[in-house]
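Written out below as structure tokens is the structure these notes cover.
Just so you know, ligand 1 is whichever comes first in the structure, and atom 1 is the first atom listed for that ligand. Just so you know, these numbers come straight off a predicted model, no measurement behind them.
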Amino acid sequence: MGLDIYYNPASQPSRSVAMFVKLNKIEHNDKVVNLFKGENKTPEYLAMNPSHTVPVMNDDGFIICQSPAIVKYLADKCKTADHWYPSDLKKRAKVNELLDWQHTNIRKHGSGVFFNIKLGPLFGLPPMTPEQVDEKYKELDGSLTLIEGFLKDQQFLCGDEITIADLFIANEVLQPTMCERDIYENHPKVKAWMDRVRERLNPVWGEMVGVFEQIVSGIGSG
Ligand SMILES: N[C@@H](CCC(=O)N[C@@H](CS)C(=O)NCC(=O)O)C(=O)O
């Protein structure tokens, strides 16, 4: 028993949870779930999470299946450094605001580029038309412009200290950087912020992103 973290390094919310426990040295059991092999659809997994998504946390039988809820629970339970998920009511509300935003905005638009343009062809899907590709990048561009606005002149999204909002949003921004176009061209602040996040979270960031890159390079190669 103990704390089981079910995740897959190719999933953005999974990486955020897995990175958080590693960064904070929270004792846990890594349970990597292979989505390609349907390990998220076994009766045992579905009994934990009928929505068959990763990540899932099972803390001695207490199960949570949404990534931000997992990280907030662990931050409070393990009393991680206050900057991650501040106890100050207003600072915490700002972090929550960005976590809610990322789920329906940058997550949607970053995935829109990464899945349709990078992964689709690797899975044998027909290529998108140039107009469709432009449209996906335009949507992503809108999200990146909003992130530039959130950053203002701060080091991180909620101020000069890193929070769990940076962790989740950086994992979403990462994926479309693996496609052909330079998504930072008109967003130098986002690039500088991503560099800071990587620097702040290494070596954990680099290790997990490395595993993710290996998974992507293996797709479509038989
Ligand atoms: N809102 C969920 C999203 C989880 C999610 O969509 N996970 C994807 C991978 S990024 C997944 O497990 N997909 C497999 C499936 O839906 O069967 C969270 O934040 O935990």
Side-chain angles (χ1 to χ4, degrees), residues 3-24 26 28-59 62-77 84-85 92 95-120 122-123 125 136 139-140 143 147 157 163-179 205 208-220:
L3 177 69
D4 293 338
I5 300 292
Y6 294 81
Y7 74 103
N8 186 292
S11 137
Q12 316 85 297
S14 282
R15 282 197 302 278
S16 295
V17 171
M19 285 181 184
F20 185 75
V21 290
K22 289 178 203 310
L23 286 160
N24 288 289
I26 296 173
H28 68 284
N29 308 308
D30 267 332
K31 304 270 186 187
V32 175
V33 181
N34 190 326
L35 303 178
F36 297 132
K37 290 191 179 155
E39 288 175 1
N40 57 329
K41 302 228 171 118
T42 63
E44 296 76 27
Y45 196 87
L46 291 172
M48 282 192 305
N49 182 7
S51 302
H52 49 79
T53 52
V54 282
V56 167
M57 180 202 80
N58 186 342
D59 185 13
F62 177 65
I63 295 167
I64 295 285
C65 303
Q66 289 291 326
S67 55
I70 295 171
V71 168
K72 291 176 192 178
Y73 168 82
L74 290 174
D76 283 343
K77 180 182 174 190
W84 284 117
Y85 191 46
R92 183 168 277 217
V95 172
N96 286 335
E97 180 183 44
L98 282 182
L99 287 173
D100 289 349
W101 173 84
Q102 61 90 26
H103 234 80
T104 51
N105 196 295
I106 181 64
R107 175 163 169 72
K108 183 165 163 232
H109 298 148
S111 302
V113 166
F114 183 70
F115 285 103
N116 290 294
I117 299 168
K118 174 92 179 176
L119 290 192
L122 297 177
F123 282 116
L125 298 178
K136 292 289 169 206
E139 287 171 352
L140 174 61
S143 296
I147 294 175
L157 291 166
T163 72
I164 55 175
D166 295 282
L167 181 61
F168 277 82
I169 294 174
N171 267 306
E172 298 295 340
V173 172
L174 170 76
Q175 310 222 151
T177 65
M178 295 164 74
C179 302
W205 175 272
M208 187 132 325
V209 171
V211 178
F212 169 46
E213 285 168 346
Q214 273 179 2
I215 294 173
V216 174
S217 64
I219 298 172

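For ligand 1, the atoms lying closer than 4.0 Å to a non-hydrogen atom of Gln12 are 10 (S). For ligand 1, the atoms sitting less than 4.0 Å from at least one non-hydrogen atom of Pro68 are 19 (O), numbered in the order shown with element in parentheses. Residue Pro55 has at least one heavy-atom neighbour below 4.0 Å for each of these atoms of ligand 1: 20 (O). Shown in contact with Cys65 at under 4.0 Å from a heavy atom are these atoms of ligand 1, numbered in order with element: 20 (O).
The closest non-hydrogen atom to atom 17 (O) of ligand 1, taken over His52, Gln102, Met57, comes from His52. Nearest residue to atom 13 (N) of ligand 1 from Val17, Asn49, Thr53 is Thr53 (criterion: closest heavy atom).
Not close to ligand 1: Ala10, with no non-hydrogen atom less than 4.0 angstrom away. Residue contacts with ligand 1 do not include Ser111, since none of its heavy atoms lies under 4.0 Å from the ligand.
An N or O contact shorter than 3.5 Å is missing between Ser11 and ligand 1 by distance. The shortest N or O to N or O distance between Val54 and ligand 1 is under 3.5 Å. Residue His103 places at least one N or O, backbone or side chain, under 3.5 Å from an N or O of ligand 1. In terms of polar-atom proximity, Asn40 is counted as a contact of ligand 1, with an N or O under 3.5 Å from an N or O of the ligand. For Lys41, no nitrogen or oxygen atom sits less than 3.5 Å from a nitrogen or oxygen atom of ligand 1, counting backbone and side chain alike.
A donor-acceptor contact under 3.5 angstrom links the side chains of Asp59 and Tyr73, judged on distance only. Using a 3.5 Å distance cut-off with no hydrogens or angles, the side chains of Gln175 and Arg107 do not pair a donor with an acceptor. Between the side chains of Tyr85 and Asn96, at least one donor-acceptor pair of N or O atoms lies under 3.5 Å. If you check the side chains of Ser111 and Gln12, you find a donor sitting under 3.5 Å from an acceptor. Checked by atom type, the side-chain pair Asn8/Ser14 shows no donor-acceptor distance below 3.5 Å.
With rounding to the nearest 0.5 angstrom, the CD1 atom of Ile164 is 10.0 Å from the CD atom of Gln102. Between the CZ atom in Arg92 and the CG atom in Leu99 there is a gap of 11.0 Å [rounded to 0.5 Å].
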Checking side chain to side chain contact (heavy atoms under 4.5 Å, CB included) for the pair Val56/Ile63: CA distance, chi angles, key distance, verdict?
CA-CA 7 Å; Val56 167; Ile63 295 167; 4.0 Å; yes

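Looking from atom 20 (O) of ligand 1 to the surrounding protein, the closest heavy atom is Ser67 N, 2.9 Å. The nearest protein atom to atom 2 (C) of ligand 1, hydrogens excluded, is given as Gln66 OE1, 3.1 Å; this is a heavy-atom distance. Looking only at heavy atoms of the protein, atom 3 (C) of ligand 1 is closest to Arg107 NH2, 3.8 Å.
Residues Lys31 and Asn58 are not in side-chain contact: their nearest non-hydrogen atoms beyond the backbone lie 4.5 Å or more apart. Between Phe212 and Leu174 the shortest side-chain heavy-atom distance falls below 4.5 Å.
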